[in-house]
Amino acid sequence: MTERLKGITQKISRPLYSNARLINYYWQRTKRNKLAVFGLAFIIFLVLLAVVGPFFTLDPTLVNFEEKNLPPVGFAIEQSVYNIETDEFTTTKVSGTWKHPLGTDSKGRDMLAMLISGARVSLLVGLIATGIAIILGTIIGVLSAYLGGWADNALMRFTDVMMTFPFFLLLVLIVFIFGPSLAIIVLAIGLTGWTGTARLIRSEGLSLRTREFVTAAKAMGASDNRVVFRHLIPNVISLIIVIATLAIPGVILAEAALSFIGLGDPTVPSWGTILEAGQHSLNTAWWVAVEPGIMIFLTVLAFNFLGDGLRDAFDPKSNI
Amino acid sequence: MKQMHNHRLLQIRNLKKYYPVTAGLFSRHIGDIKAVDGVTFHIVEKEILGLVGESGCGKSTLGKTIPRLEEPTSGEIWYKGADVTKLDKKRLRELRKEVQIIFQDPDASLDPRMTVGDSICEPLVIHDIGDDRERVETVAELMEQVGLEARQANLYPHEFSGGQKQRIGIARALAVNPRLIIADEPVSALDVSIQAQILNLMTDIQEKFGLAYLFIAHDLSVIKHMAHRVAVMYLGKIVELANKKEIFDNALHPYTEALLSAVPSLKSKAKDRILLRGDVPSPLNPPLGCRFHPRCHRVLPICSQEEPDLTEVSEGHLVACHLY
Amino acid sequence: MIMDNTILKVNNLKTYFFTRRGVVKAVDGVNFELRKGECLCLVGESGCGKTVTALSILGLIDSPPGRIVDGQISYNGLDLAQCSLKQLRQIRGSDISIVFQEAQSALNPVLTIGDQIVEQIRLHLPMEHSQARERAMTLLNEMGIPSVERVMSYYPHQLSGGMKQRALIAMSLSCDPKILIADEPTTAVDVTIKAQILNIFRELKAKRQMSLIFITHDLAVVAEIGDRAVIMYGGKDVETAPVSEIIGEPKHPYTSGLIECLPDLSKTTDRLASIPGTTPNPSEMPQGCAFHPRCPKAMAICSQQESTEIIISREHKVSCHLYR
C-alpha cells in the first residue's frame, strides 16, 4: 500500500509557491527572455554591491577638500585654482586615480562609495515602500472584489479620491510637513502609491470570483475566508509579483526626484542627493551628476525588463 | 430497471429564481429574468433524474440553486426532510457534504494553482475529516476509483487532458461520501470517445456507492443512456416529467416531441422532422399563457391565455399542456 | 484517379507548426476529393487536424509558426498550396467560402450584420451599395430569418446564437461560392436550432448544387447530411467511404469504435462501449499507426509501421494493417 502512496506528500495542503516544480516551470519560461535575464542579473549584482560593497570601499561620508573634484579613472580634466596671493589662476591637469576609481565630488567624497551607499538606499526604499503599497493595494483590491456591493463601492470611491491627488505633490507636502527623513519618505510613498495596485487586483479578483473553481469551493462548503486566502490570493500572486517588479523603479525614481528638488534626506547619500549636488558642477565635474544618473537609468531598466519577462512567463496565453 | 420505492432524498416545490433587471439612472427595477419559474419535482435515493432543456431554460440555474449557491427567490427545497432554504450556516455546510456538484468545464472547475491531490483533498480539509495520513490514502483511493494513478496527485491541472480533469472533478465530488450529485453538463465539453468513458464511470460509481444524480444536459441521447426518469424544461418551467421509457417512446408535450425529432441519429435519414418556428424567447419577457405556444405545432386558442399546470396524466407521467 | 466531376482534390497535404517546443504535425498526409454537388464530411475528434485542413485549403494558416510543407490542393487548375496571396484572396469568399464554428467570434461586434454582409459582397462583385443590400436581404430571407430589414441593422450581440450562425452562413453564401466549408456549424448550438441549420444546408445542396465540406465530430450529423465521409485521426485520413457504408460497415477500428461509443437514440443498451485512452497530442504522435495504443485489434506491425491506403471497393478506402 505504501508503494503506491510513494511520492504523495504527507502534508497535503501545501501552497503553490513552496512547490519547487511549479517554480521551476515558471523560471524556465522567464529564462527564455534575454532581456529579463539581464535585468535579473543586474539586480542581483546591485544587491550584492549594496550588501558587500561597503566593506571594500572608502567611507562615503569622508570629506577631504584636498581631493575634491577628481575625475574618474581614465579621464583627465583641467582644473583652475585661484591663488589668492598671486591673484592668478593656475591650471593643472588632474587625472583620475585608482584610489577614487569613479572620482570624487565637490567635497572630496569618494563617488564609488557614495554610489554604493546610494544603491542600498534605493533598494531599501524600493522594496519597503513598494511592499507597503502592494500589501495595502492587495488587501483593498481583494476585499473589494470579494465583498462586492456597497463595500466594493465605498472602497473604490475612496481609491478614486486618493488617485485624484497628484501623487508627487502629495509626497512633497508630506515631506515638507514632517521633515525630510528617509523613514518619512518611505512611508509617504507607500501610503500614496497603492491605488493602481488596488484597481488591478480588484479587476483580477472580480474575474476570478466568477470562475468555476471558486463556485466549486463554495459548493464544497468552503468559508469566505478560505475562498479568499486559499483560492483568490494564490491566483493573484503572479499578478502581484509583476506589479511589484514594475512598481519598484517608479518608487526609486520618486525618491530620486524628491532628493533632486531638495526634499531628500541630507544625512543619507542616495542617488538623488548626489545628483542634486552634482547639477551645479556639470561644467567642472560632470561625473558627479552623470554617474548616479546612469545608475538610476540602468536600475529602472533592469526592473522593467524583469517585470515584463515575468508577466509574459506567468501569462498562460503567451506562447513562450 | 425496477426502482424500489426508496424514500425521497430531495423534494423541490414551486422553486423560483428571479434575477432583477434594473435600468436607468436610478437603477429602476424594470423586470425580472425568470430563470427558474415554479419548478416542482423530487429525487429518490439511488435514482438518476435527467434534466434536459436548451440553453436559457434555467437548468443550470436550478442546479446551482438547490445547494443554495444561488439564493432562491421563493419556493421550497427539502433535503432528507430538512428545509434547505432555512438552514443556518453550520447546517448548510453539513448539507454541502451530502450534496456535491460536478461542473461542465473541466478546465475551469479546478484551481490551477493547486495540485490535483490538494483539490481532491480540499473537501476533507474543509470538513475536517481524517488526519493527514488518512487524507493521503483517501486521495489515492479516489484517484484509482476514477481511473487515474495515485502518483499523479502531485501534478497540476494543466498537465492533464480534458477527460482526465473531469475524472478529477468526479473524484473530488466523491471525497466526502455524498448522497446526491448534481452533474451540470458533465460531458458536454468532451470528445465523443472520452464522453463514453466518463458516462460509464459515472454509471459505475452510481451503482457502487448508491448515489442519486440530478443529471443536467442538453443532449437527449446522453440522457437516454443515463437517466431513470427525465424532466424536460422550457423557459424556466418543467413541461414534462416521466420515466425514461415513457419520455422516449410516448412523449406527450409538443416541445418534447420536437426535441426528440430534432436529435440527429445514426439510423435516421431526412425524416419529417418537426421544425420549430422562431427562436427561444427571452426569459425577461416570456410569452403569456403557455410559454411554448408561439412555437407550438399543436397550439390551441386557450394556450395563449392560460398557463397549463403540471398534471399527472398517467402513473408517474406529468405534463403541462392544454392538450391533456 | 480524378473523376470527371471532382471539383477539389487534396493530395498528401501536410501542414506543420514549427514552435519552440518542437514540430506539431497537425496535418500529416491527408487525401480526399470533393465532387460537384456532394456533401463530404470530415469527421474526427479534437486534435485530428480537420480544422487545420480546412484552413490550409484557403491558406488561412498563421504563417509563422505554421506552414504547408507538402502536398497539393487542386482547384480549377490551380494548386492552392502554391499559389500567390493575390490569387488566394480572389478565391476566398467567391469560389470557396468558409463558415466558422463560433459565430460569436467570427462576426465583428462593432459592425451591423448588414454592413458585414455588404462588405463581403462588394469585395468580390461589382455592385452598388443598394444592390448589395438587396442581395444581402434576399440571402437572410433564404436563411429563414424573420424581419430581415430590422436584422440588417442589428449588431451581432442583439441576435441569438442560432440567428448569428444563420447570418454567418448567409455571409458566406453572398458571392455564390462553388464550395462551402462549414467548420462544426452545429456544435455550439441547441438541438432545435441544430435541426434548422442542418435543414438549411440540405436545401443549399439541393437548390444551389453547392459542394459542401462539412467538418464535424458528430457521426449522427454525418448520417443526416453527408454523402461521403472522411474519418480523420492523428492528422491523417484513416477511412473514406459513402456515409451508409461508414455507418453500416465500418472497416477501421477507430470508425467502429466511434460508432459504438455514440450515445444514440436508436441504441437500446445502457452501457456504452468506449475507446480507452485519449486522443493523441499532435506534437507527440505514437510510432507507427497513430491509433494503435487504443486499438482493440492492434497487431505487432501496427506499432512499427503506418499502413498504406488500401482500396476495399471503388468508393471505400481504409488505412489499416488489418486489410492487407
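Reminder, nothing fancy here: chain letters follow the sequence lines and each chain counts from 1. None of these values were measured; they are calculated from a predicted model.
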Fill in the blank from the handout: Note: B:R96 and A:A219 closest approach over all heavy atoms is CD-O, 3.0 Å
Fill in the blank from the handout: Note: A:G221 and B:I126 closest approach over all heavy atoms is O-CG2, 3.5 Å
Exercise for the section: Name, in order of residue number, those residues of residues 200-218 of chain A that have a heavy atom at a distance of less than 4.5 Å from a heavy atom in chain B; otherwise write 'none'. Expected result: A:R211, A:E212, A:F213, A:T215, A:A216, A:A217, A:K218
Problem - Inter-chain contacts: residues 125-157 of chain A against chain B, heavy atoms under 4.5 Å - result: none
Toward chain A, the part of [X] with a non-hydrogen atom under 4.5 Å:
X: B:I101; value: side chain
X: B:L155; value: both
X: B:E159; value: side chain
X: B:P123; value: both
X: B:V99; value: backbone

Exercise for the section: For the pair B:H127 (side chain) and A:M220 (backbone), establish whether a donor and an acceptor sit closer than 3.5 Å, ignoring hydrogens and angles. Expected result: yes
Problem - Within 6.0 Å of CZ in B:F209, more than 12 heavy atoms from elsewhere - result: yes
Exercise for the section: Any chance you could lay out the side chain to side chain contact (heavy atoms under 4.5 Å, CB included) test for B:V125 and A:R226, step after step, and finish with the verdict? Expected result: CA-CA 11 Å; B:V125 172; A:R226 191 183 168 86; 3.6 Å; yes
Handout entry: Rounded distance [0.5 Å steps], NZ in B:K89 versus OG in A:S223
Key = 8.0 Å
Exercise for the section: Could you note down all residue pairs passing salt bridge (charged side-chain N to carboxylate O under 4.0 Å, His left out) where residues 164-175 of chain B supplies at least one of them, sequence neighbours left out? Expected result: B:D107-B:K165
Problem - Salt bridge A:R230-B:E122, side-chain N to carboxylate O under 4.0 Å - result: no
Fill in the blank from the handout: Taken in chain and number order and not counting sequence neighbours, the residues that satisfy salt bridge (charged side-chain N to carboxylate O under 4.0 Å, His left out) with B:D32 are none
Handout entry: Flag side-chain contact, heavy atom, 4.5 Å: A:P234 against B:M114
Key = no
